[in-house]
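Presented below is the structure to which this report refers.
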Amino acid sequence: MAVLWLDEITADDLELVGGKGASLGELTGAGLPVPSGFVVSAGTYRSFIEETGIDEELFETVDVDTEDSKALAEAQSRAKELVLETEMPEEIRQEIYDSYDEMGDGDDFVAVRSSATAEDLPDASFAGQQETFLNVTREDLVDRVKRCWASLFTQRAIYYRQEKGFAHDKVDIAVVVQRMVDAEKSGVMFTSHPSTGASRIIIEAAWGLGEAVVSGSVSPDNYVVDRDSGAVEEVTVADKKTMMEKDEATGETVEREVPDDLREAQVLDERDIERLVELGERVEDHYGTPQDVEWAIVDGEVFMLQSRPITTIDDGETEIETDDGASANGASADANGASATAAGADGIADGSGAVEAAGGAGDAGAGANGDVLVSGLGASPGMASGAVRIVDQLDQLDKVSDGDIIVTEMTTPDMVPAMKRAAGIVTDEGGMTSHAAIVSRELGVPAVVGSTDATATLTDDQRITIDGDKGTVTQGRTETTEEREPIEEARPKTPVKPMTATEVKVNVSIPEAAERAAATGADGVGLLRMEHMILSTNKTPAKYIDDHGVDAYVNEIVEGVRGVADEFYPRPVRVRTLDAPTDEFRQLQGGEDEPDEHNPMLGYRGIRRSLDRPDVFKHELEAFARLYEMGYDNVEIMFPLVNDAEDVIRARNLMEESGIDPDKRTWGVMIETPASALGVEQMAEQGIDFASFGTNDLTQYTLAVDRNNENVADRFDELHPSVLQLISQTIETCREHDVDTSICGQAGSKPKMVQHLVDEGVSSISANIDAVRDVQHEVKRVEQSLILDSVR
Ligand code: PEP
Ligand code: MG
């Protein structure tokens, strides 16, 4: 038997049909209205690989070194090819078609989804086995089933199995095939109050398919029903801007605007509510515990799409399930043992309304609205709500849609396009100067970094709210949350800029933020980090040059800088030559050749690397030469992580060799090590025009506090007296030598640092985009008080 019908499946079949299949079978068996369907059993997958004899090759193919990303990618594609190109044995194929034919009239659309088997891989979602296909026709059915099978061998699946010590040949997969329900209305229902357990049924409802409610992209109507009296106690009708529905022409699920007359209309009528309450009672009776149910209504008929126990009711004990750290929405704590795994782990928000969008109603699963789930450092201000997207290095970034919240160990440069789409960002690692923190601030996307365990605690599709000021991540959507304005609109309309003697500039790392940065009215760019331009190509410079040639590489830099230089012209733009530690380069294509350093922060980065590889560095300088030729005389060159005059001399010589006249152009260094602060006089003698405090590094090297190590984050203090003393001394020396001073580290955005610097006579301060205004005012205040002091 290749397939099992949902109405013959019970919890005991878990091994055969996976968590999702078992859960749907249970509901069907209880007489609840579940869209009809069948499960292609895990045993069928096993027969397929064994009967066709591809099993051995398949398991050999995926037995690779998971740290070798190229090998991993090849393993995925070879395994997929093997599964897809191997003919399905005739009897299995026939049984699948026969079952499909038996289900309807032959032209029905079905949803086809993987259903992982519990024992083998409890955290299936992390393994990426979440292949789901909607609106599948008979013609495509067999292919889609095979694609679900092949999803056992995505890079993520291979990687995680290997990491967790699961044998590839011991893991099976079932596939659920179920009639599509083109929901007119859909939502979730809690059969008891999700945090107090009170005898209330809470229903959330929106127009169209389930995805909008599940992903949190629309605020749903909310209904509270007293279970004892049956009275509808509260109805809150929301303004529902968008809905998901099937595009009749293409069969795909699309997001549409809700027609005007429906936007503020109540989704559920009395009859709908009555029917839902009745079904909710039945589901809870069946399981014997409060349930979190997903439902859909089409032509007045209500369907149950998924049911999971509510595990958040506060009975005085800790309720959040973490399922070995992988799945936190509690769905795996199944009271009846039926929906043990896949329901919680799958996290698919696919909008079909056909089966479940597991993890989506995760509000109920992980905690009551407003509960703090994780906390870290508030790295980019503002609040945002949205659906969690756990992203790891191997993920396809198109997983992140507009308005989602990226939850990741640490962001990488190739995530920037996804970060732009995101409503918010949460990371496990990193401090206030990490990639995640810098890029989020520039994009104006709220971020919480260094949370330690967000990727283990949160789960795909869970709806959360992040507070980028306080550094908290809470359950559900916070009513006061404002939609984030798109970058273009978030610009200050007419910046009223206070006149100050000290210049106030802005830091830019990604060229896309240039317009927003320029609109702050800043006096120029105090730091344009070049590495973000290079790293966003996802290749190391050497690899990029190998693949595309020198010209393309130079062009990449020219275009990136030019975008910013144009935006600010004639205001100066200080461009820093490449400064990425080896651990960042390692993540890129070509990164396998990077040295494996024990402490990259003390390693091969900044000017050290550039001087060591003049053959690569000269192309960066070539880009500057080209920009000058093109007339961008507002571009300045800044060298990072210099230690002494020797570094400066060598950098200047290379500049000259590239045809840049140091006497004609403005160039300088960053003061990021105590050595450079103490040796600034000798550097001044070599003709630098400016010295800019990189307090992120200056602090870490002065205090021996790794800036990206959250364990010592509380010791990272840019205002430490020793750091301030180095700064004061450097400013004084530079003033004597007519060298401008500036700050471009994160601390330039802090009022106390601003006070110190202005008191000491710094020439300019470069701040984060969001801080420029405040810094301008703070500078003005301090300058005025200095003037007042002098005349008093
Ligand atoms: C700094 O060190 O303060 C700085 C601005 O450079 P980065 O943060 O890129 O190392
Ligand atoms: Mg630095």
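Hydrogens, waters and symmetry mates are skipped; everything else that's a heavy atom, side chains included, is used. Note that ligands are numbered from 1 as they come in the structure, with each ligand's atoms numbered from 1 the same way. The shown structure was predicted, so the numbers you read here are calculated from the model rather than taken from an experiment.
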Axial cation check for F639 ring with R576, 6.0 Å and 45° limits:
no
Per atom 4 (C) of ligand 1, closest listed option by heavy atom (I438, N696, T699)
N696
Please identify which atoms of ligand 1 are closer than 4.0 Å to at least one heavy atom of R707.
2 (O), 7 (P), 8 (O), 10 (O)
With a cut-off of 4.0 Å, which atoms of ligand 1 are near a heavy atom of C744?
5 (C)
Only heavy atoms of L527, strictly under 4.0 Å: list the atoms of ligand 1 that pass.
5 (C)
Can you list the steps and then say if K539 with D547 is a salt bridge (Lys or Arg N to Asp or Glu O under 4.0 Å)?
CA-CA 9 Å; K539 295 182 178 179; D547 288 355; 3.0 Å; yes
In the structure I gave you, are the side-chain heavy atoms of D467 and V448 within less than 4.5 Å of one another anywhere?
no
Pair E559-R562, salt bridge (Lys or Arg N to Asp or Glu O under 4.0 Å): steps then yes or no:
CA-CA 5 Å; E559 286 310 311; R562 195 178 156 181; 3.4 Å; yes
Side-chain donor-acceptor pair present, R529, S509, cut-off under 3.5 Å
yes
Nitrogen or oxygen atoms of Q746 and ligand 1 under 3.5 Å apart:
no
Among the N/O/S atoms of E672, the Mg ion (ligand 2) lies closest to OE2
Among the N/O/S atoms of D697, select the one at the shortest distance from the Mg ion (ligand 2) and name it.
OD2
Identity and separation of the nearest protein heavy atom to atom 6 (O) of ligand 1:
R576 NH1, 2.8 Å
Contact flag D579/the Mg ion (ligand 2), N/O/S atoms, threshold under 2.8 Å
no
Carboxylate-amine/guanidinium proximity below 4.0 Å for E778 and R781
yes
Can you list the atoms of ligand 1 that are under 4.0 Å from a heavy atom of D697?
1 (C), 2 (O), 3 (O), 10 (O)
Can you name the atoms of ligand 1, numbered from 1 with element, that are less than 4.0 Å from a heavy atom of R605?
10 (O)
Find all atoms of ligand 1 within a distance of less than 4.0 Å from any non-hydrogen atom belonging to M670, and give their numbers and elements.
4 (C), 5 (C), 6 (O)
Should the pair Y553 and Y544 be assigned to parallel (<30°), tilted (30 to 60°) or perpendicular (>60°) ring geometry?
tilted
Determine whether E760 and Q729 make a side-chain contact, defined as any pair of heavy atoms from C-beta on separated by less than 4.5 Å.
no
